Amino acid sequence: MIDTQNPDAPRYPVFARSQDEVPFGVTPSQTVGPYVHIGLFPTWENSGNTVPEDAPGRITVSFTVIDGAGQPIGDAMIETWQADAAGRFDSPTDPRGAAEATPAGFRSLARVFADETGTIVVHTVKPGTLPAEDGAVEAPHINVGLFARGMLERLYTRLYFPEDTDAHASDPVLSAVPEADRPKLIAETTDHGYHLTIHVQNTDGRETPFFAL
């Protein structure tokens with residue numbers, strides 16, 4: 001149900017005529033969602049800040065989401081979740097047990113809506129390495145969940161950091177991605193921090209690798 005008191009709530013045209021009289025166009029299955037704009041308004045306060053502004057090691061990570069036509073997706077939403085700077089989770093589901101966050105005040109989850117350029121900004125800390133099965137170690141990374149128009153289910157991908165070349169070589173998840181596609185998961189360094197462009201769909205080889213979870 002639309003929140004009529006919220007001027008930012010999306011409005012969709014409603015046809016009073018028979019559907020046989022509605023002009024041909026994009027079908028509902030291609031335009032479904034994103035419903036998150038309804039369910040998550042008003043936006044989560046400070047949802048893009050996982051650490052206090054004065055937290056040591058605070059970094060800025062941004063994403064730009066591009067559709068199959070090469071256009072920014074201005075109504076996308078990204079959730080990120082990650083380990084803290086020590087590579088730990090303040091959660092009982094962490095097999096090593098819950099640990100106090102490093103730095104203090106850190107929160108694993110961020111949730112941000114894109115602007116008109118398809119860009120999302122998250123302020124966080126660089127996560128530490130994570131233990132994996134069979135004694136392997138996962139390189140520092142940020143997990144990314146992408147919601148956008150036309151997707152009935154979110155897409156999952158990862159952001160890795162460009163300076164961790166040695167760790168990338170032994171990361172079991174990144175190693176499972178075809179070698180030619182691995183650079184698409186590695187952020188570039190900018191004047192503001194780190195940036196990753198996510199191509200949701202592309203036919204010339206730029207499509208971002210996504211994971212089935």
Side-chain angles (χ1 to χ4, degrees), residues 29-30 32-37 39-40 43-44 47-48 50 59-68 72-84 87-91 93-95 106-114 118-133 136-162 164 167-168 170-188 193-203 205-213:
S29 65
Q30 293 168 304
V32 63
Y35 301 117
V36 292
H37 290 74
L40 295 179
T43 53
W44 179 14
S47 60
T50 73
I59 61 173
T60 298
V61 178
S62 60
F63 304 86
T64 298
V65 186
I66 303 296
D67 68 12
I73 302 179
D75 57 3
M77 188 191 80
I78 276 182
E79 284 186 347
T80 64
W81 65 101
Q82 62 171 95
D84 68 9
R88 299 297 298 265
F89 290 95
D90 183 14
S91 168
T93 61
D94 188 317
F106 169 78
R107 181 188 67 227
S108 294
L109 178 69
R111 177 184 294 155
V112 187
F113 287 93
T119 300
I120 291 106
V121 178
V122 175
H123 302 287
T124 185
V125 292
K126 183 178 177 180
T129 57
L130 283 171
E133 294 181 352
V137 175
E138 293 191 39
H141 66 275
I142 294 177
N143 297 303
V144 180
L146 170 63
F147 300 79
R149 182 182 303 275
M151 297 181 191
L152 295 178
E153 296 184 8
R154 75 173 72 179
L155 297 175
Y156 296 96
T157 189
R158 282 186 168 189
L159 175 150
Y160 288 88
F161 296 88
D164 298 325
H168 295 166
S170 57
D171 183 285
V173 176
L174 190 59
S175 297
V177 176
E179 187 172 359
D181 290 334
R182 295 173 195 168
K184 302 171 187 173
L185 299 177
I186 299 173
E188 61 178 314
Y194 299 94
H195 181 78
L196 184 70
T197 299
I198 298 175
H199 293 272
V200 172
Q201 183 184 44
N202 192 266
T203 58
R206 286 183 294 173
E207 183 174 313
T208 297
F210 298 103
F211 299 96
L213 299 183

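Heads up: numbering here begins at 1 and tracks the sequence. Given the structure is predicted, the values throughout are model-derived calculations rather than measurements.
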[X] and [Y]: which non-hydrogen atoms are nearest, and at how many Å?
X	Y	value
F210	V200	CE1-O, 3.8 Å
I66	P72	CD1-CA, 4.0 Å
L159	V144	N-CG2, 4.3 Å
L130	G87	CD2-O, 3.3 Å
F161	P140	CD1-O, 3.6 Å
P127	A83	CB-O, 3.3 Å

If you measure from [atom1] on [X] to [atom2] on [Y], what distance do you get to the nearest 0.5 Å?
X	Y	atom1	atom2	answer
E138	S175	CD	OG	10.5 Å
I142	R158	CD1	CZ	11.5 Å
R206	T197	CZ	OG1	9.5 Å
I73	H199	CD1	NE2	11.0 Å
F147	R111	CZ	CZ	7.5 Å
I120	I198	CD1	CD1	7.0 Å

Contacts of type side chain to side chain contact (heavy atoms under 4.5 Å, CB included), residue L185, not counting sequence neighbours: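 Partners of L185 under the side chain to side chain contact (heavy atoms under 4.5 Å, CB included) test: T157, Y160, L174, V177, T208, P209, F211.
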Non-neighbouring partners of Q201 that pass side chain to side chain contact (heavy atoms under 4.5 Å, CB included), sequence neighbours left out: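 With neighbours one apart ignored, the set is E207.
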Please determine whether side-chain contact (heavy atoms from CB on, under 4.5 Å) holds for the pair R182 and D171, giving the CA-CA distance in whole Å, both sets of side-chain angles, and the decisive distance to 0.1 Å. CA-CA 11 Å; R182 295 173 195 168; D171 183 285; over 6 Å; no
Is there a side-chain contact between [X] and [Y] (heavy atoms, below 4.5 Å)?
X	Y	value
V121	V112	no
F113	S47	no
Q82	F106	yes
F63	L146	no

